[in-house]
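The next block holds one structure in the form of structure tokens; read it before the comments.
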Amino acid sequence: LPGIPSLCIQTYRITNGPPGIGADDCGTQSKATSLPSNLTLAASWDPTLALAYGNIIGQEASSLDNQVIEGPGMDMLRMPQGGRNFEYTGEDPFLGGTMVAQVVLGNQSNGTIAMCKHFQGNEEEFDRTSASDVLGEQQTNDTYYLTARM
């Protein structure tokens with residue numbers, strides 16, 4: 001979002017960031033660390049590593065003058081063909097929620113905002129621009145909300 005210099009409001013920049021900093025919304029692609037996928041991170045079962053991972057992303061976002069990180073991804077990885085699977089932490093909601101929470105803490109410890117993306121129902125790849133996921137209340141409570149409670 002463009003800043004308003006007369007009011008001392010700086011430009012508000014957002015960057016995509018599930019596996020590291022990507023192109024920001026101002027159209028620039030800065031050099032940044034290419035991190036392993038969130039799925040690989042979750043396979044470590046190490047929340048301390050997830051915190052460090054989030055810290056790297058937060059530091060780089062901050063150093064590149066980005067205020068918001070679009071990530072981490074927190075949807076379930078249910079189909080191996082999913083095009084966004086690299087953004088997610090797997091199918092285990094407890095593990096995923098634990099790891100995502102640490103990544104968020106690492107991001108935000110650098111003064112950046114972590115904006116978790118694809119909270120639920122984004123596992124569809126076939127006809128993804130017009131498909132609609134209708135999730136039942138029981139499934140939502142038992143699976144997706146469990147991830148968010150971590």
Side-chain angles (χ1 to χ4, degrees), residues 1-5 7-125 128-129 131 133 135 140-150:
L1 302 172
I4 307 171
L7 298 176
C8 298
I9 298 173
Q10 68 181 18
T11 298
Y12 192 71
R13 296 174 63 179
I14 301 172
T15 183
N16 205 355
I21 299 302
D24 65 38
D25 288 352
C26 292
T28 57
Q29 176 68 53
S30 301
K31 291 184 178 181
T33 304
S34 177
L35 296 170
S37 70
N38 283 341
L39 181 60
T40 303
L41 175 65
S44 74
W45 290 77
D46 186 349
T48 304
L49 184 61
L51 181 66
Y53 182 98
N55 192 40
I56 291 168
I57 295 171
Q59 284 176 353
E60 290 188 352
S62 182
S63 72
L64 297 170
D65 199 29
N66 288 289
Q67 290 74 36
V68 179
I69 302 163
E70 293 177 325
M74 61 183 295
D75 205 345
M76 300 284 118
L77 190 162
R78 294 190 178 260
M79 294 177 47
Q81 302 89 348
R84 291 187 170 264
N85 284 348
F86 69 94
E87 295 184 352
Y88 306 143
T89 52
E91 193 171 358
D92 182 317
F94 183 80
L95 173 62
T98 299
M99 300 300 272
V100 163
Q102 293 304 304
V103 172
V104 167
L105 289 173
N107 289 167
Q108 294 187 340
S109 70
N110 293 278
T112 56
I113 299 167
M115 181 174 55
C116 295
K117 53 197 275 186
H118 312 301
F119 171 57
Q120 65 182 18
N122 194 49
E123 297 98 344
E124 182 65 49
E125 285 300 314
R128 68 178 292 150
T129 59
D133 289 332
L135 305 173
T140 300
N141 285 325
D142 291 349
T143 305
Y144 295 102
Y145 290 165
L146 180 62
T147 303
R149 281 182 236 159
M150 299 302 129

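- Atom-to-atom distance recorded for I57:CD1 and S62:OG is 13.5 Å, nearest 0.5 angstrom.
- Side-chain contact between T15 and T112: absent, with no pair of heavy atoms (C-beta onward) separated by less than 4.5 Å.
- Rounded to the nearest 0.5 angstrom, Y53 OH and T40 OG1 are separated by 8.0 Å.
- Between the S109 side chain and the G106 main chain, a donor and an acceptor come within less than 3.5 Å of each other.
- Side chain of E60 to main chain of T33: a donor-acceptor pair is present (N/O by atom type, distance under 3.5 Å, no hydrogens or angles).
- Residue M74 comes nearest to C116 through the heavy atom pair SD-CB, 3.4 Å, listed as atom of the first residue, atom of the second, then distance.
- In this structure, Q102 CD and N107 CG are separated by 11.5 Å, a value rounded to the nearest 0.5 Å.
- Here CD1 of I21 is found 5.0 Å from CD1 of I69. Values are rounded to the nearest 0.5 Å.
- For the pair M99 and P72, the minimum side-chain heavy-atom distance is 4.5 Å or more.
- Looking at every heavy atom in both residues, A42 comes nearest to T89 through CB-O, 3.2 Å.
- Two residues are said to be in side-chain contact when any heavy atoms from C-beta on lie closer than 4.5 Å; P36 and F86 fail this criterion.
- Within the model, atoms CG of N66 and CG of N110 stand 12.5 Å from one another, a figure rounded to the nearest 0.5 Å.
- For the atom pair L49 CG and N55 CG, the distance stands at 11.5 Å (nearest 0.5 Å).
- T98 places a side-chain N or O within 3.5 Å of a backbone atom of F94 that can act as its donor or acceptor partner.
- Distance alone, capped at 3.5 Å, places no donor-acceptor pair between the N38 side chain and the Y88 backbone.
- Considering only heavy atoms from C-beta on, L64 stays 4.5 Å or farther from R13 through its side chain.
- The backbone N or O of G3 lies less than 3.5 Å from no partner atom in the side chain of Q10, so there is not a single donor-acceptor pair.
- The shortest non-hydrogen separation linking T11 to Q67 is O-OE1, 3.4 Å.
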